[in-house]
2 protein chains.
Amino acid sequence: MSSTIKVLLAEDQSMVREALAALLGLEDDIEVVAQVARGDEVLPTARQHDIDVALLDIEMPGCTGIEAAAQLHKALPTVKLVVLTTFGRPGYLRSAMEAGADAFLVKDAPAAQLAEAVRKVLAGERVIDPTLAAAALAEGANPLTDREREVLRAAADGSTNAELAAALHLSQGTVRNYLSTAIQKLAVRNRAEAVRIAREKGWL
Amino acid sequence: MSSTIKVLLAEDQSMVREALAALLGLEDDIEVVAQVARGDEVLPTARQHDIDVALLDIEMPGCTGIEAAAQLHKALPTVKLVVLTTFGRPGYLRSAMEAGADAFLVKDAPAAQLAEAVRKVLAGERVIDPTLAAAALAEGANPLTDREREVLRAAADGSTNAELAAALHLSQGTVRNYLSTAIQKLAVRNRAEAVRIAREKGWL
DNA sequence: AGAGCCGCATGACAGATGTCATGAGCGGCG
DNA sequence: CGCCGCTCATGACATCTGTCATGCGGCTCT
């Protein structure tokens, strides 16, 4: 189509965001036309800018890049979505794909892949690390129910059962039951390990 | 001295590292002459390159940027040290300063501060976020003994007392005692919270 | 030399946590 | 409709965790 690819860049750490913008700025055919630091600013800003590609970090305040991707995919389906993340968690990849992402990159990957991914998604291709894709398929889907995930998330900061029960409007016994089933599903010994494993897998 | 400032860049995530290099490359007076992805490659690489400034991320495999800073400060005391980190933990700032760092930047800060910091440290100035400095002074020093820190670090992944005891060649009772004193010093309710707080403060 | 801190350990105890059996209500699916 | 899974709950039990008192040996500082 037009001469340059218009990109929206979403990443909460200013220094990283501007550095990525500088990197993309080196490419003649790519132009970063908007930058945001929060997930919940993605959609409003995208609406104002007629962009071709949105580059979304996952870990952001407001809402995650995956949630932002889902919103964009629904509201502006022609915009291509590149999800970028620090952590190559298979569960993240799965969620990103379900949210309509066209590419999934980890920040460990060489910088050259970034511009390349932008061009490829615009050409209709999908860009996914094959190793990660294999891992995502191998580990299967998230076995936790909504409640189990909720309780596990709430337990992540070291809260006691009584605090969890109060926060979630449940009885202590129920909290323990949910944690117990989560612990069994994740094949671990206690809640702390359960939180860690669920985090690593991107299930939390 | 010479025309351009020679910089060594240490950061484990390729994409971020190369993006930062691109950012610094936009400055006429700064040149990134070497890049490494691991803490333990910093010193050997610095020896080969006659650099003016080392830009060190804290979170790296091999060894942390703070340990690398200490090594550099000892071996090549004329090299100026800029420590860069995702997390503005007061304890990190303190450790970095003790390791001989000249500047401490968080990745949240505007990108312009990076080049600025490089120039300032070379001019003999120190660059520290005043808010962080205040926080570091306000919270005081790390109250944990070596053993307490060690046990807490080992407990971070959700290991049980028996596993900790085996891993650290201690009795279970001793492990519990250390955790207990750590929990009291940090004024929290259990090990999980203790780990979280110690992490946040940069004491872990 | 004595005081004091640290590392390490033990034993006893209360309270938190994890497991299990059991059951009620609700919704979906064949 | 019956079966199943999810949610929520209770009670009982075993184990784990956190606290406390106490003790010993080593080290440092005065």
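So that the names make sense, note that chain A is the first sequence line, chain B the second, and so on, each numbered from 1. What you are looking at is a predicted structure, and each value in this text was computed from that prediction instead of being measured.
- One finds a salt bridge joining B/R119 and B/E27 here, because a Lys/Arg side-chain nitrogen approaches an Asp/Glu carboxylate oxygen to under 4.0 Å.
- Residues B/R38 and B/D12 are not paired through a salt bridge, judged by the lack of any N-O separation under 4.0 Å between the basic side chain and the carboxylate.
- Side-chain proximity of A/R176 to the nucleotides C/dC8, C/dT10, C/dG18 is greatest for C/dG18.
- If you check every strand for non-hydrogen atoms under 4.0 Å, A/N190 touches sugar and phosphate atoms only.
- Checking the phosphate oxygens (OP1, OP2) of D/dC8, a side-chain nitrogen or oxygen of A/R147 falls inside 4.0 Å.
- For B/N177 against C/dC8, a side-chain-to-base donor-acceptor contact under 3.5 Å is absent.
- In this model, the phosphate group of C/dT17 is approached by a side-chain N or O of A/N161 to a distance below 4.0 Å at OP1 or OP2.
- The residues B/K107 and B/E11 are annotated as salt-bridged, a charged nitrogen and a carboxylate oxygen being separated by less than 4.0 angstrom.
- Counting heavy atoms from C-beta outward, A/L132 and A/V106 have side chains that approach closer than 4.5 Å.
- Look at CG on B/L186: it is 13 Å from P on D/dG18, rounded to the nearest Å.
- Comparing D/dA21, D/dG18, D/dC8 against the side chain of A/Y178 picks out D/dC8 as the nearest.
- The nearest whole Å value for the distance from the CD atom in A/Q172 to the C1' atom in C/dT19 is 16 Å.
- For D/dT17, the OP1/OP2 oxygens have a side-chain nitrogen or oxygen of B/T160 closer than 4.0 Å.
- Per the geometry, CG belonging to A/L179 stands 12 Å off C1' belonging to C/dA16, to the nearest Å.
- D/dC8 atom C1' lies 13 Å from atom CD of A/E148, rounded to whole Å.
- Side-chain N/O atoms of A/R191 include one lying less than 4.0 angstrom from OP1 or OP2 on C/dG18.
- The separation between A/L152 atom CG and C/dG18 atom P is 11 Å, rounded to whole Å.
- Classification of B/R89 and B/E200 as a salt-bridged pair fails, no side-chain N sitting under 4.0 Å from a carboxylate O.
- If you measure from atom CG of B/D146 to atom P of C/dC5, you get 17 Å, rounded to the nearest angstrom.
- For A/S171, no side-chain nitrogen or oxygen approaches OP1 or OP2 of D/dC8 to under 4.0 Å.
- Along DNA chain D, the nucleotide nearest to A/L170 and the one nearest to A/K185 differ in position, and the one closer to the 5' end is contacted by A/K185.
- Between C/dG18, D/dG18, D/dA9, one nucleotide has an atom nearer to the side chain of A/T174 than all others, and that is D/dA9.
- Comparing D/dC8, D/dC6, D/dT17 by their nearest atom to the side chain of A/T145 picks out D/dC6.
- You'll find that the side chain of B/Q184 is closest to D/dC20, out of D/dC20, C/dC8, C/dG18.
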